[in-house]
Every structure is written in C-alpha cells, then in structure tokens.
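To keep things clear, I will list the structure first and then write my remarks on it.
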Amino acid sequence: MSITVDGIKKRFGKFQALNNVSLDIPEGKLTALLGPSGSGKTTLLRIIAGLESADSGQISFSGRDVTGLHVRDRNIGFVFQHYALFRHMTVAQNIAFGLDSLPRKQRPAKAGIQKRVSELLEMIQLPHLAQRYPAQLSGGQKQRVALARSIATQPKILLLDEPFGALDAKVRKDLRRWLRNLHDEFHFTSIFVTHDQEEALELSDQVVVMSQGRVEQVNEPIELYARPESRFVFDFLGQVNVISGQVKQGSLNQGNAWVTVPGVQHKGDAQLYLRPHEVRLATAPVAHANLPLRIEAVSLIGSEVRVELRPEGWQSEGSNNIWEVGISHAEFNSQRPTRGDLRYAVPEVGHLFTGNDAQPATVNWAEAELAPRVRLIS
Ligand code: ATP
C-alpha cells in the first residue's frame, strides 16, 4: 500500500510543527524520516497513523483519501520507542492482543490465534519465552515482542517511532538487520522515525530528511549521501570538512591555503565541503591543493583509522576547527601518522557551495587531471 502525504500543515498554538509537507511513500519500501529533534518527524508519523489530525492537507493510502478515517480503521501496525507492552500479560498474550481484540466477525478462532502467535514467536526467535512477562525480558527482546505484536493482524503499513532508540549499540545493530530481513520477507510499507543518520542510511530504501517542519530532501541512501542538496543535509549526514574562502582565478583561497576548483565559473565567497573519505593525506602540498594541517589525534576505530587535524595558518568552519580524515590500516602502517606531524589534505572529490540556496557543484580533481590526457589521445 503506497502512502501519499499532500500539503500537510500542523500548528501547536503558535508553533508551526509541519509546514506544507508533501511526500510519496512507495509501496513495500522502508522509508526513514530523519531529522534533528523537533523537526516534526513524530508529528508527521502520528498524522499518517491517524493519532493526530492535521490542520490542512490530505493523507491517502494507495490513492484512497484516509484523512478523516479513525486510527483503528487504518489497519496500521505501530512500534514505539518504549515498548508499550502490557505488563500484566505474557509475551504470547501480548502478541495475541491485536487478534483477540478484533471484532468477532474478523477474529480468527482460538486455535487460529494460537497458531499465528506460534509463528510470530518463531519469527522473532523467542518461542522459549512465550510465558514470560515483559519485566523478565531484555530491551531487545521486548522490542522484538512489540514488533511481533504490531504485525500480528497483518497490517499493510508498519509505523515505527525510534524503535531502537532505547537500546545499546550492539543490540540496535542486530535488530536493524533483523528488521531489514523481516521487511524483505513481508513487504510492508514501513516508515520509521530516527534521528540517527547511520541507522537511516543503513536500513532504509528511501530517506526523508526533515528540518523545522519541512522536507529538506528525499532520496535513496546512497544518492542522499553522495549528493546532498543543501548545507543542512550535508552537515546532518555525518562528519564534514569545510574550507570557506574566495574563488578567484580558478582557486578557492583562504590566507595561505588554496585549492583549485576546476570547472567552476563562480567568483567570490564559497565553501568547499569534503567528507572524510574524499580527502587523502600527503606529506607535501600537491599541484591542486595547499591545505596544511597539524595532526591532533589518531584513533584506530574498527575497519578504519581516524585522523583528526587542525588547520595550520587557516581556519576550518564548524566542527571546532578540526578536520577528520579516514585512512586504511595499510596506509596507517606505512605512514605512521603521529600527533604533532604536519600533513597536507589532498581533496579528491568535493562539493562547492556558492549562493545561500544554490545546490553545490561537484568538483572532481581526479577527473580534471584525466581530462587533458583524454583530449591528447583524441
Ligand atoms: P524528536 O526527535 O525529539 O522526537 P521530532 O522531530 O519527532 O523530534 P515532533 O515530536 O514531531 O519532533 O515535534 C515537533 C515540534 O512540535 C516540537 O517542537 C514539539 O515541541 C512540538 N510539539 C509536538 N507535539 C506537541 C503538542 N502536543 N503540543 C505542543 N507542541 C508539540
């Protein structure tokens, strides 16, 4: 079942929580609503669910207007951050709750309900805990029970509000994977709210980035990460290194630091945004950049080594005047970067913001270097 959100507005007193939000949520996909606290994610989810009413605008499910439809008639499954399991019911009773509460005509026979509960217990890999009470479960187990309960009545739509927010990092990761598999198997149309960019990028088919009651950008995770359309999205999606300066004669300059910006026509103020993996480190300036930095910290975190550096003789923007560059363990072993060493950032791909609302221009130094060679051959 697809979901269409059309021109939704919502005020709480004088505060405009949602400001003309329009969205298409494709059938059978997992969509993330991502944004900082207060951006309106939960309000939008509650309006889609029918738990909250909008001041104006329309919600449709597969083309059918459901704006005025009561929550119980929308056939939606919910999972909230705080499990909301019934404390006085066992795991099995919690899962059966939605089926037990159906009007008599729709309710399966007792044996049918038991069979469905057993299937769901298998699915969440907790059949051995069927007779336990919520207080006897871990956070991750409770959240799996909440998920089973929410899909017991086979809803076409599943709405999840920070479903893993209260869990520790390892359990979160396991449950994400598990939800992804579940989704691939059952093909609900799911929307989940999160403020964790990694979770949104890892788990979803489509990410809706929200800010101040508006939709900033909607894209598949890879596209969103590679081509953010605004500074807000860029900043929100993870660590970014910024040099701000003046573009003249094909270079962005700030004090003694400079970097060429091939293919860019703009002149005047501009900011170059670079993700940690879009920068290499060298021991001397290169032909297209002179960006000296002093190493502040080196941390071996998992599959990558993170090097934190402070600009030397120029200023970065944001992130406490620190740049972050990710290098491989092999590079670390050969270069042995150490606190206090001088290095030069070598941008490979970057994103140049000029006007306030303009989309960034992609600058690709590797391609620019290749271009003359290609012309020579032809
Ligand atoms: P978070 O990640 O912190 O949950 P969110 O993006 O989900 O944030 P919402 O819960 O949708 O944000 O809230 C959006 C704004 O609307 C917030 O500023 C919040 O204070 C306000 N708001 C939400 N519900 C109400 C309410 N019932 N009454 C008054 N203001 C509200």
Side-chain angles (χ1 to χ4, degrees), residues 3-25 30-59 66-68 70-71 74 76-85 139 142-143 146-147 150 157-169 171-173 175-176 179 189-219 221 224-225 228-239:
I3 302 170
T4 311
V5 174
D6 190 13
I8 292 288
K9 292 187 180 170
K10 178 71 182 177
R11 263 177 184 281
F12 293 109
K14 287 196 175 137
F15 183 76
Q16 189 83 45
L18 293 174
N19 196 354
N20 208 11
V21 171
S22 296
L23 265 182
D24 285 317
I25 310 280
L30 194 51
T31 295
L33 297 182
L34 174 70
S37 184
S39 54
K41 309 177 296 289
T42 296
T43 305
L44 180 59
L45 196 79
R46 288 173 59 82
I47 290 174
I48 293 171
L51 292 166
E52 189 85 66
S53 59
D55 299 334
S56 57
Q58 185 175 308
I59 305 289
V66 296
T67 318
H70 193 274
V71 52
R74 294 194 187 192
I76 287 175
F78 299 104
V79 182
F80 299 101
Q81 179 174 353
H82 293 291
Y83 330 115
L85 296 176
K142 280 188 217 171
Q143 207 53 328
L147 257 161
S150 71
I157 294 174
L158 186 61
L159 303 180
L160 307 109
D161 193 353
E162 300 263 2
F164 312 131
L167 304 171
D168 70 53
V171 180
R172 257 177 110 104
K173 209 158 187 177
L175 275 192
R176 274 185 217 164
L179 176 63
T189 302
S190 309
I191 307 178
F192 77 100
V193 162
T194 180
H195 58 254
D196 178 336
Q197 38 90 15
E198 195 185 306
E199 183 162 288
L201 294 176
E202 183 182 320
L203 195 54
S204 61
D205 300 301
Q206 166 176 285
V207 183
V208 177
V209 184
M210 297 188 63
S211 156
Q212 299 181 349
R214 290 178 184 276
V215 172
E216 280 277 332
Q217 190 171 345
V218 184
N219 254 140
L224 189 73
Y225 192 76
E229 288 168 4
S230 63
R231 291 166 213 257
F232 174 81
V233 175
F234 220 116
D235 279 334
F236 196 69
L237 285 187
Q239 171 66 32

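Order of listing sets the numbers, starting from 1, for every ligand and every atom in it. If you read the sequence from its start, that first residue is 1, and numbering goes on from there. Treat the numbers as computed from the prediction; the structure is a model and nothing was measured. Every heavy atom of this structure was used, including side-chain atoms; hydrogens, water molecules and symmetry mates were not.
Considering backbone and side-chain N/O atoms, Phe12 never comes within less than 3.5 Å of an N/O atom of ligand 1. When only interatomic distances are considered, the shortest N/O to N/O separation between Leu44 and ligand 1 does not fall below 3.5 Å. Considering backbone and side-chain N/O atoms, Ser37 comes within less than 3.5 Å of an N/O atom of ligand 1.
Side chain of Gln206 to main chain of Asp24: a donor-acceptor pair is present (N/O by atom type, distance under 3.5 Å, no hydrogens or angles). A donor-acceptor contact shorter than 3.5 Å links the side chain of Arg74 to the backbone of Val66. A donor-acceptor distance shorter than 3.5 angstrom exists from the side chain of Arg172 to the backbone of Phe164, with no hydrogens or angles considered.
Taking 4.0 Å as the cut-off, Gly35 does not count as a neighbour of ligand 1 on heavy-atom distance. Note on ligand 1: Pro36 sits in its first shell, one or more heavy atoms being nearer than 4.0 Å.
Atom 15 (C) of ligand 1 has Phe15 CE2, 3.3 Å as its closest protein atom, hydrogens excluded (heavy atom only). Protein heavy atom at the shortest distance from atom 10 (O) of ligand 1 is Thr42 CB, 3.6 Å. Nearest protein neighbour of atom 11 (O) of ligand 1, counting heavy atoms only, is Thr43 OG1, 2.5 Å.
With contacts defined as side-chain heavy-atom distances shorter than 4.5 Å, the pair Leu18/Glu52 does not qualify.
Here Ser211 contributes atom OG and Asp235 contributes atom CG; the two are 11.0 Å apart, rounded to the nearest 0.5 Å.
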